[in-house]
Each structure stands twice: as C-alpha cells, then as structure tokens.
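Here is the structure we will look at.
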Amino acid sequence: MTMIKLYNTATRRKEVFEPIRADDVRMYVCGPTVYDRAHIGNARPAIVFDVLYRLLRHVYGADHVTYVRNFTDVDDKINARAAESGRPISEITAETTQWYLDDMAAVGVLEPSIRGARHEDAMPRATAYIGEMIAMIEDLIAKDHAYAAEGHVLFRVRSYADYGKLSGRSVDDMIAGARVEVAPFKEDPMDFVLWKPSDDDTPGWDSPWGRGRPGWHIECSAMAHELLGETFDIHGGGNDLTFPHHENEIAQSRCAGHGFARFWMHNEMLQVEGRKMSKSLGNFFTVRDLLDQGVPGEVIRFVFLSTHYRKPMDWTEKKRAEAEKVLRKWYEQVAGAETAELPQTVIALLADDLNTHGVLAECHRMSGEGDIGGLRAALGILGLLDERIPEWAVEKAFDLTDLEAFLADARATAMETKDFAEVDRIKAALVAAGIEVQMSKEGVKLTAPPGFDRAQLEGVL
C-alpha cells in the first residue's frame with residue numbers, strides 16, 4: 001500500500017495518512033454558496049481536492065472512497081440576489097448549482113460519490129438537511145453548549161476549551177483584535193449563531209425557537225455527520241475557511257459528541273498578475289469568463305496544478321500561454337499511445353502532500369525521454385486527460401501547398417532578376433508566424449507547428 005503523507009492543519013505538520021477504514025475512506029469538502037458564477041478562486045479547492053480524490057481512488061480503489069462536497073443553498077447572499085432580481089430563490093439556486101457543476105466539469109473536476117448511492121447524494125443541499133440541523137442544535141442546548149435568546153440560538157464558545165486550536169488563536173485575542181458581531185442577546189461577543197429568525201420575506205422553517213433558518217456553520221456539521229458518520233478521515237477547503245467556519249464546525253461537532261474530521265487540509269488563496277483578485281482592480285473573473293474567452297479547461301487546470309496547493313497561486317497570462325503550449329505538445333505526443341501503468345515516481349510525488357508541481361516536472365522529463373505511456377498515465381491521474389485528446393488540441397491538417405508554390409514562384413523570379421527582396425519578405429513573414437522554411441534545389445518545403453492558426457498569415461500572400 002502506498003504511504004500517503006498529508007499536511008494536517010490541526011497539527012501543523014505533515015503526517016502519514018492512515019484512514020479509519022481502508023475499505024471506506026471518507027472525505028468532506030466545503031462547497032460553494034450558490035448565488036452566482038464561481039470565480040477562479042472558487043475553482044482552486046475544487047481542483048486541489050479532486051486530485052486528492054483521484055489519488056485516494058488509485059491507492060484504495062474507486063469503490064472504497066466516499067467524497068462529499070456540499071452546496072449552501074440557504075444564505076443571506078442568496079436572499080439578497082432574489083430580492084434584487086425578483087426571481088424565486090429555488091430558481092436561482094437550481095440555476096447557479098448547475099452553473100457550478102458545468103464549470104467544474106470543464107476544468108476536469110469529477111463529481112463526488114458515495115459508494116452505492118447516486119452522485120447527487122454526495123452533493124447535499126443544505127435545505128434538504130434542516131431537520132438534522134435542528135436536531136443537532138437541540139442536542140447542543142441539552143448539553144448546555146448552546147442557548148436560545150430572542151428567536152436565535154447561539155453556541156457558547158467558552159464551553160469548548162479547545163476553541164481556536166485549529167487556527168492557532170485564543171478567544172481573548174480574537175475578541176481584542178477581530179471584529180465580532182455584538183448583539184444584546186449574546187452572553188459573550190464570541191458566541192456564534194446556530195439558528196436565526198426569519199421574517200415573512202425570508203426563507204424559514206418551523207423550529208422549537210420559532211420560524212427561522214440555520215446559521216452557516218451548523219450546516220456542514222449536520223451534513224457531514226449524516227453522510228459520513230461521527231468520525232471521518234479528511235475535511236478540506238480554502239484557508240479562508242479555517243476561521244471562523246471550520247473552527248466553529250469543530251466546536252459544535254465535538255460538543256455534540258462527534259469525533260468529526262481527523263485530518264484538516266486547506267489550500268492557499270489565488271492572485272491575478274501578482275495582485276489580489278478584486279472587482280475594483282478590474283482583475284476579477286469567473287471560470288466561465290475564461291472558458292468563454294477560449295481558454296481550455298485543461299489549461300486552467302494545468303496552471304492551478306503548477307503551484308503547490310499550500311502556496312499562494314498567481315494566475316498570469318504568461319502562465320496560461322505556456323500551459324497551452326506545453327499541453328499541445330504533450331497531447332500530440334500521447335495521441336494514439338496506450339496508457340502504461342502509472343509510474344511509481346508520479347505516485348510517490350502525489351503521495352507526498354499532493355506535489356503536483358513535481359508531477360508536472362516529471363511529465364516534462366517523460367516527454368523529453370519518450371516515455372509516452374507513462375506520460376499519458378500521469379496526465380490521466382492529474383485530470384488533464386481522459387480517454388480522448390481534447391478537441392481543441394487535436395492537430396488539424398494545415399495545407400501549405402499554396403504557400404509553397406507562391407514562395408517557389410517568387411524564388412524562380414528572383415533567380416532571373418537577381419532581386420531577392422520579395423523572397424526575403426515572404427520568408428521573414430512565414431518564419432515570424434512560426435513556420436519552418438526550407439529551400440533547396442529540390443524546391444520549397446514549409447512545416448507548420450502544432451496548433452497553427454492560418455489567421456497568423458493574413459497579408460502574407
């Protein structure tokens with residue numbers, strides 16, 4: 001069995017991963033709040049944990065890995081979008097959920113799965129688990145870890161001695177240095193909401209504390225418990241969720257008597273051209289924006305995988321162009337080749353805390369040394385290649401016959417007039433466009449590079 005080592009945020013070190021049960025490895029990853037298109041930062045955890053999912057399936061077997069990723073479909077941002085647009089909330093969440101699934105599929109993300117269940121069951125919607133959330137809140141109240149006040153239910157943060165351990169903060173420091181919601185019904189400024197009241201214009205469900213809706217944090221605790229049990233192997237998400245979301249999940253789940261997650265994994269954030277992505281800076285864009293601009297999903301994925309998941313990632317136009325060039329070359333090499341057994345070097349690199357950058361370096365080596373079967377297998381586990389080469393990368397025949405004849409005629413004329421200016425002009429234009437030009441006594445031969453676009457020759461003839 002391959003030894004996998006993963007960085008555990010909870011212990012701040014890389015540890016050997018040993019699942020609770022090797023025949024039932026269980027992972028939960030926080031999914032999107034569905035009110036709009038996923039921006040490229042939202043795609044990073046989806047891609048990172050997709051690679052981990054693929055590795056776990058390779059090591060333990062596809063039928064022995066359960067992967068759950070939720071959709072938050074009850075949230076104040078969704079309520080605001082419905083109020084702005086005048087559209088029903090259910091219509092908005094159904095549409096944006098499908099947008100997310102389509103966009104993630106375009107960048108090679110597999111849908112989560114639970115053994116013996118439908119894929120949809122592994123992608124729970126929060127609104128389908130309101131009953132489980134209410135039951136969990138009632139249990140926390142009974143154990144004196146939560147209290148009802150003015151239609152709200154709040155978690156007593158100081159009732160959990162290890163609060164702040166995941167993020168490395170103390171409660172007193174958090175109160176002193178952070179903005180916390182101050183409300184008259186709170187016993188302590190750090191207490192957080194498990195349930196809140198809803199008015200007539202806001203989605204709500206009947207509960208022992210009146211009509212209302214759940215707080216964000218209780219959703220994942222209830223869904224993870226229902227689908228993965230009291231204790232499971234891995235919980236993942238972006239590092240912006242470490243506090244308060246994951247810290248609060250741990251507190252309420254442990255106080256409910258659940259062991260919850262054993263390994264906590266977080267990916268770093270994303271920048272664009274060296275700057276934080278922001279609408280005010282004009283560098284904010286969604287996955288769909290890139291796809292609509294003609295950037296292939298495999299190229300987006302390649303750029304993401306070129307940086308280790310625990311390091312900040314910088315999306316740049318230079319990286320995009322280089323990724324497309326490299327992938328075209330690799331796809332051309334592996335086209336028609338049989339997939340070999342996945343090289344042990346690739347498995348070892350992925351098993352070392354998902355060293356995708358190292359795997360891509362290994363792909364470069366295999367490409368250079370002609371290990372085409374190994375290269376194809378490596379591209380497969382990285383999610384960069386399915387059974388068929390992507391259509392955008394398929395080399396299309398480019399007929400240069402007319403240009404060869406054109407240059408040959410110009411050359412013949414120049415041989416008579418001794419004026420080679422026109423020949424030099426045509427040759428320079430062809431070379432500038434990336435075409436290899438060979439002229440000899442036998443004639444003229446032109447060779448176009450992979451993926452050549454004839455539009456680059458506009459004005460040459």
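What you see is a predicted model; the values in this text were computed from it and never measured.
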If the threshold is 4.0 Å, N to carboxylate O, is there a salt bridge linking [X] and [Y]?
X	Y	result
R365	E362	yes
R288	D103	yes
R320	E324	yes

Testing the 3.5 Å rule here: is there a donor-acceptor pair between the side chains of [X] and [Y]?
X	Y	answer
N79	Y35	no
Q98	D102	yes
E268	N239	yes

Over 12 non-hydrogen atoms of neighbours within 6.0 angstrom of [atom1] in [X]:
X	atom1	value
E18	CD	no
E317	CD	yes
K276	NZ	no
D386	CG	no
K165	NZ	no
E84	CD	yes

Flag the pair Y147 / F155 as yes when their ring centroid distance falls below 6.0 Å, and as no otherwise.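 No, too far apart.
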
side-chain contact (heavy atoms from CB on, under 4.5 Å) evaluation trace for I389 with E332: CA-CA 8 Å; I389 305 298; E332 183 180 15; over 6 Å; no

Report the C-alpha distance between I250 and W264 in whole Å, list the side-chain angles of each, state the deciding distance to 0.1 Å, and finish with yes or no for side-chain contact (heavy atoms from CB on, under 4.5 Å). CA-CA 11 Å; I250 292 173; W264 287 85; 3.3 Å; yes

Tell me whether the NZ or CZ atom of [X] lies within the 45° cone about the ring axis of [Y] and under 6.0 Å from its centre.
X	Y	result
R69	F49	no
R254	Y160	no
R26	Y28	no

Mark yes or no for whether E226, through its side chain, and E132, through its backbone, hold a donor-acceptor pair below 3.5 Å.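 It does not hold such a pair.
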
Counting only N and O atoms by type, is there a donor-acceptor contact under 3.5 Å from the side chain of N8 to the main-chain atoms of R13?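 Absent.
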
For side-chain contact (heavy atoms from CB on, under 4.5 Å), just list the numbers for L154 and E187, CA-CA rounded to whole Å, side-chain angles, deciding distance to a tenth of an Å, and then say yes or no. CA-CA 9 Å; L154 297 108; E187 293 179 355; over 6 Å; no

Non-hydrogen side-chain atoms of C255 and K143 separated by less than 4.5 Å: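 They are not in contact (no side-chain heavy atoms under 4.5 Å apart), so the answer is no.
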
Between F17 and M3, is there a side-chain heavy-atom distance shorter than 4.5 Å?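 Result no, sub-4.5 Å side-chain heavy-atom pair not found.
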
Relative to the ring of Y163, is the ring of F243 parallel (under 30°), tilted (30 to 60°) or perpendicular (over 60°)?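 Perpendicular.
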
Classify the ring geometry between F232 and H235 as parallel (under 30°), tilted (30 to 60°) or perpendicular (over 60°).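 Geometry flag for H235 against F232: tilted rings.
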
Worked verdict on E95 versus R87 for salt bridge (Lys or Arg N to Asp or Glu O under 4.0 Å): CA-CA 11 Å; E95 177 182 62; R87 299 173 64 197; 3.0 Å; yes

Quick one: pull up OG in S207 and CZ in R213 and give me the separation to the nearest 0.5 Å.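 S207 atom OG to R213 atom CZ measures 12.0 Å (nearest 0.5 Å).
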
Could you please spell out the steps behind the side-chain contact (heavy atoms from CB on, under 4.5 Å) verdict for R37 and V287? CA-CA 8 Å; R37 287 281 186 188; V287 174; over 6 Å; no

G336 versus R376, closest heavy-atom pair with distance: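 Nearest heavy atoms, G336 then R376: N-NH1, 4.3 Å.
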
